[in-house]
2 protein chains.
Amino acid sequence: MTHQDKSLAATEDMADTFGALSLVMLDDTDLRHAWRINFLANFFTGPVYRHLGEKFGITRPEFVILYCLEHMPGLVAQDICRVTGQPKNSISRAVSDLLEKGYVRRGTDPEDKRAKPLTLTEVGWSILEHVSPIVKARQDAMRAALTDEELAQFDCLLRKMVFAMPDWVTPE
Amino acid sequence: MTHQDKSLAATEDMADTFGALSLVMLDDTDLRHAWRINFLANFFTGPVYRHLGEKFGITRPEFVILYCLEHMPGLVAQDICRVTGQPKNSISRAVSDLLEKGYVRRGTDPEDKRAKPLTLTEVGWSILEHVSPIVKARQDAMRAALTDEELAQFDCLLRKMVFAMPDWVTPE
DNA sequence: GGAGATTAGTTCAAAATGGAACTTTACAAA
DNA sequence: TTTGTAAAGTTCCATTTTGAACTAATCTCC
């Protein structure tokens, strides 16, 4: 199949899956870059979090918290608010749910009695071992169309864009 | 300022704005690509839609519908569901709100009496002329860190990724 | 022509989300 | 030392979102 044939097939697949409108929104609008990023984000997260909910009873905020704690034990709820942009009570409620489910434990901070450092429990680690591979597999599927070299380029450009966000994002 | 100094400054800005956790989640995890895409999407859309809500009384679904109709008049609600992944009643309600606000009008399809083609009214065009530049400006800010050449590369890679989505996204 | 499955859109009610107000704690300035 | 402001987290309640059930219309198969 020639390169042109592949391109045509991809376009037809897009129209079949998402409708003819998708071709316009993703290719022919001034907002096509923002649209593509949101399009990817929406169709990546929607189904995977729905699946996690059905299979493990884990909500999106809960997974996000568990995954953050895997990589930085001792976080407080506010740290997670800052990195997700979610309101305090959403994170507070999800933390309460995770405590109740036994996936996290809450400590105290001798230097700041307001802060409540969180860590994963054994059960928390265990559920993550089951859940993370599903999200990783989906990320792998998302990246599959790019060669290793293209992915390295994409990584570099995306990182550059993200690390410039303090220039245009004002935290609440 | 050397390249290394700039990189360090960007890292410090990220930690200041989003917390130290952001550096880990965006650079040192297996899910960093998915995380970055969602991070960009969340911090792009959250504030801009909040701003549109406050200034114009337009919700996110409403803007999405208006913007789609600008580019493809005559769409039906189901077309918008497919390209956004949103449930039917969310789009149905937003369409009702837009009808009530006078931003869209609803037609009939002689070939399918169930379908209700939508078009923008004069007022709809007008509100978009005010709203779109705000979203565009935010997209420009988001892209500002990339040179024209880098943006062309990013465009190409992002498009390749998005147009392969039918390989791993199953519509509902 | 009729029956059954599917689609387009609407409505309802339950679930989820988020703004605001609250308590407790910390910190800075006078 | 006191006061005022701000931060960390919790709770409440209004609003938003979404799954499910519904109606009307279409399409396919027998």
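Chain identifiers are assigned alphabetically (A, B, ...) following the order of the sequence lines, protein sequences preceding nucleic acid strands; residue numbering begins at 1 within each chain.
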Exercise for review: For B/Arg60 and for B/Asp112, find the nucleotide of DNA chain D with the closest heavy atom, then tell me which residue's nucleotide is more 5'.
Suggested key: B/Arg60
**Study point:** Interatomic distance, A/Gln78 CD vs C/dA26 P [rounded to whole Å]
**Key:** 16 Å
**Study point:** For atom CD of B/Glu62 and atom P of D/dT17, their distance in whole Å
**Key:** 10 Å
Practice item. Would you classify A/Val95 as touching base, sugar-phosphate or nothing, given that sugar-phosphate means primed atoms plus P, OP1 and OP2, and contacts are heavy atoms under 4.0 Å? Key: nothing
Review point. With a 4.0 Å cut-off on heavy atoms, is B/Arg106 in touch with a base, just the backbone sugar-phosphate, or nothing at all?
Key: sugar-phosphate
Practice item. Assess whether side chain to side chain contact (heavy atoms under 4.5 Å, CB included) is satisfied between B/Thr59 and B/Asp97, documenting all intermediate values. Key: CA-CA 10 Å; B/Thr59 66; B/Asp97 290 342; 5.9 Å; no
Exercise for review: Round to a whole Å and report the spacing from CZ of A/Arg93 to P of D/dC12.
Suggested key: 12 Å
Check your understanding: Expressed in angstrom and rounded to an integer, what is the separation of B/Leu98 atom CG from C/dT10 atom C1'?
Key -> 16 Å
Check your understanding: Is the NZ or CZ atom of A/Arg60 positioned over A/Phe63's six-membered ring, under 6.0 angstrom from the centre and within 45° of the axis?
Key -> no
Review point. Looking only at side-chain N and O atoms, does B/Ser90 come under 4.0 Å of OP1 or OP2 in D/dT18?
Key: yes
Review point. What's the NZ-C1' distance between A/Lys88 and D/dC12, to the nearest Å?
Key: 14 Å
Point to revise | Donor on one side chain, acceptor on other, B/His33 and A/Asp155, under 3.5 Å | key: yes
Exercise for review: Consider the side chain of B/Ser92, meaning its heavy atoms from C-beta on, and name the nucleotide among C/dT11, D/dT26, D/dA8 that approaches it most closely.
Suggested key: C/dT11
Revision key, fill the gap. When A/Pro87 and B/Val76 are each assigned the nearest nucleotide of DNA chain C, the 5'-most assignment goes to B/Val76
Practice item. Output yes when at least one side-chain N/O atom of B/Gln86 is less than 4.0 Å from OP1 or OP2 of D/dT18, else no. Key: yes
Check your understanding: Between A/Lys113 (NZ) and D/dA6 (P), how many Å, whole number?
Key -> 23 Å
Check your understanding: How close or far is atom C1' of C/dG18 from atom CG of B/Asn42, stated in whole angstroms?
Key -> 15 Å
Check your understanding: B/Pro117 or A/Pro61: which one's nearest nucleotide on DNA chain C is closer to the 5' end?
Key -> B/Pro117
Point to revise | Below 4.0 Å: OP1/OP2 of D/dT10 and any side-chain N or O of A/Lys116 | key: yes
Exercise for review: Please report, rounded to the nearest Å, how far the C1' atom of D/dT17 is from the CZ atom of A/Arg50.
Suggested key: 12 Å
Point to revise | Closest non-hydrogen atom pair between B/Tyr67 and A/Asp30, with its separation | key: OH-N, 3.6 Å
Point to revise | Charged N-O contact under 4.0 Å between A/Asp27 and B/Arg159 | key: yes
Exercise for review: Ignoring hydrogens and angles, answer whether the base of D/dA24 and the side-chain atoms of B/Arg114 contain a donor-acceptor pair closer than 3.5 Å.
Suggested key: no
